Amino acid sequence: MPSDRRPKRTHQKRGGRRGQGRSGGAGRARRDVRGDPARSRDVERPRAPRLDLVDPLVLEVHGLVHDQGWLADRALERVLRRERALFAAERRAVAEAVYGITRWQGQLDLLLGRPPSLALRYAAWLARFAGVPADDAARRLGVSPPALAPAVGPGADARLAAIPDPLDRLAAEASLPRWIAALFAETLGLEEAGALAAAMNARAPLTVRANALLGARDDLRARLAGEGVQAEPTRLSPWGLVLDGHANAFALRAFREGRFEIQDEGSQLIALACGARPGWTVVDACAGAGGKSLALAADMRNRGSLHALDTDADRLSEARRRARRAGVHNLRVRQIAPGPEADAQVQDLAGKADVVLVDAPCSGLGTLRRKPDARWRLAEGDPARFAATQRALVLRFAPLLRPGGRLVYATCSIGRTENDEIADLAVREASLRPAPLAPLLGAERLASAGAPADATRLRLYPHRHGTDGFFLAVLERPR
C-alpha cells in the first residue's frame, strides 16, 4: 500500500477539510484546481500549456489514483511538487484533467464498453468534456480513433438517454455509483436529484472567510483588489467572499497575513449558527485542522475559552499554526482518544460549555464536487457506519453543556441516516431539545436559504445554495 493512501478517518473529519475540502484548512486538501499544489510561481505571462509535459503527468497521477488507490489531492501534490519547472497554467491543466477524468470515469467506462486503458479514458475525457477534437485527442494519447468513437460519437448521448431504469440513467448521466444516485433521489426526488448530481459535477467556487479579528469583509475585498484579485460577497454568509477562480490564494499577501481562510460558505454558516460570544466557553469537539475553530474565535473576539478537540495530533498542530497566522489567542488545543476513554479526558469541561459544536466525521457526500474520487471510494454501507460514530460523539459531548447551553450538530453529508436521524437521537437519548435557528442566523438569511421561519435544522445543497452539501441542527439543554 502506498504511504500516501490514507484510511478513512472515523473520529475526526473524514478526508480532511470540509469547507474548501471540508472545513477549508490551510493544508493539502484545499490544494485543488484553483491553487498551485506546489505553491510555486503563479504570476507569469499567459502561455499555452506544454502538452508534451502535461499529458504524461496526467497519466501518472491518474494511475496513482485509479490503480493504486491514492487520494487525488495527495497524488497531485506529490507529483506536481516534484515538477518544479512547470508553469502555473500547466499545473492547473494537470489538476483539471485528473479531477475531470476521475469525476467522469464511470460514464466514460460505460460508453467505452470495457475497462479502458488510462490513455483511452484520458483521450475520451478530452474529446467528450474538454472540447478537444476526437482525432487530436486520439493522436495526443496514442490511441485508436475507432476505440474512442463509442464515447464521443453522435450516438453516445442517445445511448445514455435510452437507459430504461430512471436511477440507472441518472447514475450513468451523472457518473455516480447507483446507490448514491438512489440516495439523492430518496432525499430530493428524482428530478431534483438530477440537478444536485449536475452540481456535484461542476467546478466548486473558491470561497474565503474574512478574519474578523483583522478586518471586515469589505476591508478584505479592497485589499484583494489591490492584489489584482476580484471578489464578490457570498449570498448567505456575512463573512464570505467568492474569489476569481484562477487566483492562487495561498500566494496572496492577505493570506500570509492571516486576513482570510479558505472555507466553503456552508462551513461558515455552521460556525455562525453556533452564536459564540466573547467570554463564553466553547468546545469544537471534532476540530480537525481548526477551520471552524478560527471562525468561532473571531466571533468570540478572542475572549473566552475555545477548546479544539480531535484525535489527530497532526491536524491539531496545523490548527495551532493557522491560529498563529490568524492572530487567535484563546484557542486551547487538546488531543483526545478515539474511543470511550475520551469521556474521562473531557470530564473537566462537563456542564461548563455555552456551545458545543459536533462537526461530525461523515461520508462527505455533500463534497463530491471538491473530492470527485470519493464517489468511487465510498461504499453503500458507509453512511450507516458513520452514523454509529456520530451517535457516539453526540452522546459523549452533550454532557459538556451547561443548562441552557447549545449543541450544534453538523455534517457535510446528504440523507437522513447521518443527519436527521442523529439529531432525533440527540433529543431522545441526550435529553436535548430543538432550538430555533432564526435568532442565530437571522430571519432574512434563513428565508434566503429557503428554510421556514421556525426551522431548527438547515440543509444546504450546491444546486440550491451554491455551497457544498451540509446539514446542521441546533439543540439545547433545558435549564
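Just so you know, these numbers come straight off a predicted model, no measurement behind them.
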For residues 179-188, which residue pairs pass the side-chain hydrogen bond (donor to acceptor under 3.5 Å, both in side chains) check, not counting sequence neighbours? none
Residue from Tyr122, Trp376, Phe129 passing ring pair (Phe, Tyr, Trp, His ring centres under 6.0 Å) with Trp104: Phe129
Using a distance-only test with no angle check, is there a side-chain donor-acceptor pair under 3.5 angstrom linking Gln105 and Ser175? no
For a side chain to side chain donor-acceptor pair (under 3.5 Å) check, start with the C-alpha distance between Asp284 and Ser293, then their side-chain angles and the critical distance, and finish with the verdict. CA-CA 6 Å; Asp284 187 353; Ser293 296; 2.6 Å; yes
Just by distance, do the side chain of Glu265 and the backbone of Gly240 share a donor-acceptor pair under 3.5 Å? no
Should the ring pair His62 and His66 be called parallel, tilted or perpendicular, given that the plane angle runs from 0 to 90° and is split at 30 and 60? tilted
With sequence neighbours excluded, tell me which residues meet side chain to side chain contact (heavy atoms under 4.5 Å, CB included) with Arg457. Asp420, Ala423, Asp424, Arg459, Phe471, Ala473
The side chain to side chain donor-acceptor pair (under 3.5 Å) partners of Ser237 (sequence neighbours excluded) come to Gln268
For Phe260, ring pair (Phe, Tyr, Trp, His ring centres under 6.0 Å) partners two or more places apart: Phe255
Among residues at least two apart in sequence or on other chains, which ones pass side chain to side chain contact (heavy atoms under 4.5 Å, CB included) with Arg128? Gln107, Leu108, Leu111, Val152, Ala156, Asp157, Leu160
Which residues share a side chain to side chain contact (heavy atoms under 4.5 Å, CB included) with Glu192, sequence neighbours left out: Leu188, His463, Arg464
Taking every heavy atom of Cys286 against every heavy atom of Val358, the minimum-distance pair comes out as SG-CG1, 4.3 Å
With the threshold set at 4.0 Å, does a side-chain nitrogen-carboxylate oxygen contact exist between Glu257 and Arg325? no
Minimum heavy-atom distance Asn201-Ala174, with the two atoms named: ND2-O, 2.8 Å
Search all heavy atoms of Ala323 against all heavy atoms of Leu294 and return the closest pair with its distance. CA-CD2, 3.8 Å
Which residues satisfy the salt bridge (Lys or Arg N to Asp or Glu O under 4.0 Å) test with Arg445, sequence neighbours excluded? none
Looking at every non-hydrogen atom in both residues, tell me the closest pair between Leu167 and Ala181 and how far apart they are. CD2-O, 3.9 Å
Just to verify, what does Arg369 make a salt bridge (Lys or Arg N to Asp or Glu O under 4.0 Å) with, not counting sequence neighbours? Asp264, Asp468
Suppose we screen for salt bridge (Lys or Arg N to Asp or Glu O under 4.0 Å). Which residues come up paired with Arg375, at least two apart in sequence or across chains? none
Among all residues two or more places apart in sequence or in another chain, which pass the salt bridge (Lys or Arg N to Asp or Glu O under 4.0 Å) test with Asp165? Arg178
Correct closest heavy-atom pair for Ile262 and Ala249 would be CD1-CB, 3.7 Å
Stepwise, does the side chain to side chain donor-acceptor pair (under 3.5 Å) test hold for Gln335 with Thr311? CA-CA 5 Å; Gln335 184 181 6; Thr311 64; over 6 Å; no
Listed by chain and number, what are the side chain to side chain contact (heavy atoms under 4.5 Å, CB included) partners of Pro145, not counting sequence neighbours? Asp135, Ala138
Sort and list the pairs that fulfil salt bridge (Lys or Arg N to Asp or Glu O under 4.0 Å) and have at least one residue in residues 226-240, not counting sequence neighbours. Arg221-Glu232
